[in-house]
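Quick notes on the structure that follows.
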Amino acid sequence: MDNTKETVTIYITKYALTDGVLQREGVLTKSGGYSYRRNENCYADYVYDKDVHLTESSAVARAEEMRSAKLKSLEKQMKKFSAMKFEVK
């Protein structure tokens with residue numbers, strides 16, 4: 001039985017709104033996610049489902065979705081704070 005694991009290029013969107021889309025080398029895990037190292041001095045991190053992509057274009061599309069959702073959330077918060085009235089009790 002061959003125990004070597006194939007390394008593939010993955011695009012990570014988990015931290016897209018803070019660090020941008022990360023391109024790393026990852027290994028498919030038994031659970032269906034990918035393990036990768038942020039840098040050589042770190043333990044392996046794991047990403048799953050919508051946080052990992054095999055193409056740059058799908059990663060960028062997901063990052064755009066995340067940005068859009070965040071902007072919508074911030075707009076909702078701005079409306080809430082703008083409507084807020086303060087009174088001394």
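Heavy-atom basis, side chains included; hydrogens, waters and symmetry copies ignored.
- Atom CD of Gln77 is separated from atom NZ of Lys72 by 13.5 Å, given to the nearest 0.5 angstrom.
- Exactly one residue among Val21, Leu54, Val60 makes a side chain to side chain contact (heavy atoms under 4.5 Å, CB included) with Tyr11. That residue is Val21.
- Here Ser35 contributes atom OG and Tyr48 contributes atom OH; the two are 8.5 Å apart, rounded to the nearest 0.5 Å.
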Note to self: Using side-chain contact (heavy atoms from CB on, under 4.5 Å), reason through Tyr36 and Val27 one step at a time and then give a plain yes or no.
What the structure shows: CA-CA 7 Å; Tyr36 73 98; Val27 176; over 6 Å; no
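- Considering every non-hydrogen atom in both Ala44 and Arg37, the closest pair reads N-NH1, 3.6 Å.
- Salt bridge present: Arg67 and Glu64 bring a charged side-chain N and a carboxylate O closer than 4.0 Å.
- Taking the side chain as every heavy atom from C-beta outward, Glu25 and Thr9 approach each other to under 4.5 Å.
- In this structure, the side chains of His53 and Ile10 stay at 4.5 Å or more apart for every pair of heavy atoms.
- For the atom pair NZ of Lys14 and CG of Leu22, the computed distance is 11.0 Å after rounding to the nearest 0.5 Å.
- Put simply, the side chain of Ser31 does not reach to within 4.5 Å of the side chain of Tyr46, judged on heavy atoms.
- Checking side-chain atoms of Thr55 against main-chain N and O of Ser58 turns up a donor-acceptor pair under 3.5 Å.
- Atoms CG and CE, on Leu71 and Met78 in that order, are 10.5 Å from each other to the nearest 0.5 Å.
- Summarising the geometry, atom OG1 belonging to Thr29 is positioned 8.0 Å from atom NZ belonging to Lys5; distances are rounded to the nearest 0.5 Å.
- Using a 4.5 Å heavy-atom cutoff, the side chains of Val8 and Tyr34 are in contact.
- Counted within 6.0 Å of CE on Met84, heavy atoms from surrounding residues, nucleotides or ligands total more than 12; the atom is thus considered enclosed.
- A donor-acceptor pair is defined here as one N or O able to donate and one able to accept, closer than 3.5 Å; such a pair exists between the side chain of Thr13 and the backbone of Lys50.
- Heavy-atom contacts from other residues, nucleotides or ligands closer than 6.0 Å to CD of Glu56 number 12 or fewer.
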